[in-house]
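In what follows, a single structure is set out as structure tokens and then discussed.
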Amino acid sequence: MQLSEWQAEFFAERVATPNSGEAGVYFREQVFGAVEVLSGALPDLEATLGAQNFRFFVREMLTVHQPSDALGHSLILPFLDFLESRDELAELDRVRRAIEDARARYAVTD
């Protein structure tokens, strides 16, 4: 097995899967890191959602989307996309405005 194959298998089994117990330690670390990055990048959105809800949505997003960089900055726009896709947030105008404001700040221009 090549190193890249082992890394992909390890990542799929131990990081991307939110298992409980020892096997979930890498996922939990990923969640803690992502919360740190995203709360620093999106403080207004965190305040609007509330810290507990913000952490919940970060964890939920990480079950379907992993960062593509070591620092987690690649999660900012996918997190905003994820929040926009959540039915329970669709009708909350203040949350929608906070997402739009954050998106405007982090929009990629060509």
Side-chain angles (χ1 to χ4, degrees):
M1 176 182 289
Q2 293 184 345
L3 177 60
S4 61
E5 293 170 330
W6 178 85
Q7 288 172 324
E9 185 178 314
F10 178 85
F11 187 82
E13 291 176 359
R14 303 294 181 158
V15 178
T17 306
N19 294 325
S20 60
E22 278 188 24
V25 70
Y26 300 103
F27 181 77
R28 287 191 302 272
E29 287 299 318
Q30 190 119 36
V31 171
F32 292 137
V35 167
E36 183 71 24
V37 168
L38 292 171
S39 66
L42 306 167
D44 295 337
L45 184 55
E46 181 183 26
T48 300
L49 288 171
Q52 185 175 1
N53 289 328
F54 189 84
R55 285 190 305 270
F56 169 80
F57 286 119
V58 170
R59 183 184 185 285
E60 290 297 299
M61 192 249 332
L62 286 174
T63 64
V64 295
H65 183 87
Q66 293 293 307
S68 61
D69 66 316
L71 299 177
H73 291 101
S74 63
L75 291 174
I76 296 170
L77 292 175
F79 184 59
L80 298 175
D81 293 340
F82 178 79
L83 292 176
E84 286 178 330
S85 74
R86 298 296 295 214
D87 291 338
E88 65 265 49
L89 300 177
E91 300 297 320
L92 301 175
D93 290 335
R94 63 188 176 88
V95 173
R96 197 175 67 247
R97 280 192 303 275
I99 293 168
E100 291 169 1
D101 290 346
R103 186 174 298 286
R105 217 174 39 207
Y106 288 99
V108 177
T109 56
D110 294 326

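As a basis for the values below, the full set of heavy atoms in this structure was taken, side chains included, without hydrogen atoms, waters or symmetry mates.
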**Nearest-0.5 Å distance that lies between atom CZ in R105 and atom CG in D44** = 6.0 Å
**Atom of F54, atom of V35 and distance for their closest heavy-atom approach** = CE2-O, 4.3 Å
**Item:** Taking every non-hydrogen atom, the tightest pair across S39 and E46
**Value:** CB-OE1, 3.1 Å
**Message:** How close do V31 and V58 get, counting heavy atoms only, and between which atoms?
**Reply:** O-CG1, 4.3 Å
**Prompt:** Quick one: do F32 and F82 end up in the same hydrophobic cluster if we chain Ile, Leu, Val, Met, Phe, Trp and Tyr together by side-chain heavy atoms under 4.5 Å apart?
**Reply:** no
**Prompt:** Can you tell me how far the CG atom of L80 sits from the CG atom of L45, to the nearest 0.5 Å?
**Reply:** 6.5 Å
**Item:** Heavy-atom pair with the smallest gap, counting every atom of F57 and E88
**Value:** CE2-OE2, 3.4 Å
**Message:** Can you tell me how far apart CG (L38) and CZ (R55) are? Round to the nearest 0.5 Å.
**Reply:** 13.0 Å
**Prompt:** Taking Y106 for the side chain and A41 for the main chain, is one N or O donor matched with an acceptor at less than 3.5 Å?
**Reply:** yes
**Item:** Atom CD of E84: over 12 foreign heavy atoms under 6.0 Å
**Value:** yes
**Item:** Heavy-atom pair with the smallest gap, counting every atom of A90 and R96
**Value:** O-NH1, 3.7 Å
**Prompt:** Can you tell me if CD on Q2 sees more than 12 non-hydrogen neighbours from other groups inside 6.0 Å?
**Reply:** no
**Qualifying residue for side chain to side chain contact (heavy atoms under 4.5 Å, CB included) with L42, from L49, L83, I76, D101** = I76
**Item:** For the student: nearest non-hydrogen atoms of L75 and L62, plus distance
**Value:** CD1-CD2, 4.0 Å
**Prompt:** Are more than 12 heavy atoms from other residues, nucleotides or ligands located less than 6.0 Å from atom CD of E91?
**Reply:** no
**Asked** Between H65 and D81, is any pair of side-chain heavy atoms under 4.5 Å apart?
**Response** no
**Message:** Nearest 0.5 angstrom please: E60 CD to N53 CG, how far?
**Reply:** 11.5 Å
